[in-house]
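Order of the sequence lines fixes the chain letters, A, B, ..., with proteins taken first and strands second; residue numbering starts at 1 for each chain.
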2 protein chains.
Amino acid sequence: MNREWVVGTVETKDRILDAAERLFAEQGFDATSLRAITGEASVNVAAVNYHFGSKDALIEAVLARRLEPMNSERLRLLDECERGRDDDPPSIEEILRCFFEPALRMHSDPDSGSARFIQIFGRTFTEPGDRLRELFVSQFRVVARRFKAALGRSVPDLSKQELSWRMHFMIGAMAHTMSNAEGLRLLDEGRPSRKDVDEEVALLVRFAAAGLRAPATAGIAGRV
Amino acid sequence: MNREWVVGTVETKDRILDAAERLFAEQGFDATSLRAITGEASVNVAAVNYHFGSKDALIEAVLARRLEPMNSERLRLLDECERGRDDDPPSIEEILRCFFEPALRMHSDPDSGSARFIQIFGRTFTEPGDRLRELFVSQFRVVARRFKAALGRSVPDLSKQELSWRMHFMIGAMAHTMSNAEGLRLLDEGRPSRKDVDEEVALLVRFAAAGLRAPATAGIAGRV
DNA sequence: GTCTATACCACGATAGAC
DNA sequence: GTCTATCGTGGTATAGAC
């Protein structure tokens, strides 16, 4: 029954990850020192470098732990949406909901540290520091390909290139919403206006779907 | 004719600003040390703290130097657009062009360091570290108010609150485009697709205008 | 293999001499 | 205004305990 031989090692990595995620979300990456993390996790400073190699690698590990389930959920929802509807493809709105919802949902997820974590996710999506970019690209590539194919079927008049641009814009709208929720106050003249996740998704879907459906831009459409 | 008594001090501040902007754009804020900046500018390390007070204050100064002309240009273009057209207000597309163009234009501006600077601007818009947020808010408030009023006239059916959300989304699309230009490659499967500024503005305007024109979201419109 | 103690160097900031 | 000296803190590398 005594499992200390394995608890000792497994728990150390996870305790570091948990403490790091919490502190990163609260203070940001650079403001959080390894000594603060290891102090919080009750391990030695050097444990981070032993288990992860560097602070950057620890950041990657923290992000990857949340990224993978989120992207899996996106693919699962899209699969569920498309199943057995070859001649009746899902609407743009349905597709976008599959894309936005898993990301925005993490906001209000009470379990674990994902609530606040969504902030640092949004930041990192927009400011990938060299090595972090690789992580996002590798984790996101398959998701991007699937959703681009699904959307392309729903917006057949758009060139592949302009579709890429519009997905780029819509991802920016999403990332900005996730990372900069308070920014709305700036536009709203001080009145708080944050809604629950479902309303947030609905607003974002409405905006992005209309943007995707816009007629092709003159001079771009022909350049496929 | 000897101006060394003034050249000595004025040039120091500017040399620091120029060197800092260049290095910040290349490596990011945290990866750039004050020693690197002052070495590049051929001044003493302590000169930064003397002239600016802290590294954070230097970052603010670098950003403010570019932010102010950009926002002024936005307001100038909008004024020019609205002049003497009280009964024929500018279209959404015209308004958005006034908003996006000055920002995206900095990309290709050959003069000074604004070319690469746009990257750190995009980053900072999305990840404002406490003190930086204040700078953006104060610099951006008047711009946001003017453009919100102009857009509100063109989309009268939208509640003020949903208009705020949609401006939030459109700003996210812009910021993401500025800071994460390479991200398109991810969506485009490796094919480079960057266009010149005018085409970029056209694409962004097309997307955002359609998003702004979308019918109000059910359940939100009534909550003004 | 895991983990700790500790030393190392670069960083941002400050005080005080000039 | 500018410089040197110095402080506290940061990330990291290593040696060795278990």
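Taking the six-membered ring for Trp and the full ring otherwise, B/His176 and A/His176 have centroids separated by 6.0 Å or more.
Distance from the side chain of B/Ala46 is smallest for D/dT4 among the nucleotides D/dT2, C/dA5, D/dT4. Considering only side-chain atoms of A/Asn49, the nucleotide from C/dA13, C/dT4, D/dA13 that sits closest is D/dA13. Taking every side-chain heavy atom of B/Lys55 into account, C/dA13 is the closest of C/dC3, C/dA13, C/dT4.
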- Query: What's the verdict on side chain to side chain donor-acceptor pair (under 3.5 Å) for B/Glu200 and B/Thr177, showing C-alpha distance, side-chain angles and the deciding distance?
  - Reply: CA-CA 9 Å; B/Glu200 217 168 299; B/Thr177 301; 5.9 Å; no

- Message: The test is side chain to side chain contact (heavy atoms under 4.5 Å, CB included); show your working for B/Met167 and B/Leu151 and say whether it passes.
- Response: CA-CA 9 Å; B/Met167 287 185 66; B/Leu151 287 172; 4.1 Å; yes

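The phosphate of C/dC3 has OP1 or OP2 within less than 4.0 Å of a side-chain N or O from A/His51. Residue B/Ser33 has no polar side-chain atom (N or O) positioned under 4.0 Å from OP1 or OP2 of C/dA10. A sub-4.0 Å separation between OP1 or OP2 of C/dT2 and a side-chain N or O of A/Tyr50 is present. Here A/Thr12 does not reach the OP1 or OP2 of C/dT2: none of its side-chain N or O atoms lies under 4.0 Å away. Side-chain nitrogen and oxygen atoms of B/Asn44 include none within less than 4.0 Å of the OP1 or OP2 phosphate oxygen of D/dT2.
Atom CG in A/Leu34 sits about 19 Å away from atom P in C/dA7, given to the nearest Å. Taking atom CG on B/Asp56 and atom C1' on C/dA13, their separation rounds to 12 Å, with Å as the unit. Look at CZ on B/Phe52: it is 16 Å from P on C/dT14, rounded to the nearest Å. Going from atom CD of A/Glu11 over to atom P of C/dT2 covers 15 Å, rounded to whole Å. Atoms CD1 (B/Ile16) and C1' (C/dG12) sit 14 Å apart, rounded to a whole Å. B/Ile59 places its CD1 atom 14 Å from the C1' atom of C/dC11, with the value rounded to the nearest Å. Computed from coordinates, the B/Asp14 CG to D/dG1 C1' distance equals 16 Å when rounded to whole Å. The CG atom of B/Asp30 sits 13 Å away from the P atom of C/dC11 (whole-angstrom rounding).
In this structure, A/Thr217 contributes its side chain and B/Leu203 its backbone to no donor-acceptor pair below 3.5 Å.
A/Thr38 comes within 4.0 angstrom of no nucleic acid atom, judged by non-hydrogen atoms across all strands.
Taking the six-membered ring where tryptophan is involved, the planes of A/Phe24 and A/Phe29 are perpendicular, since the angle between them exceeds 60° and thus also 30°.
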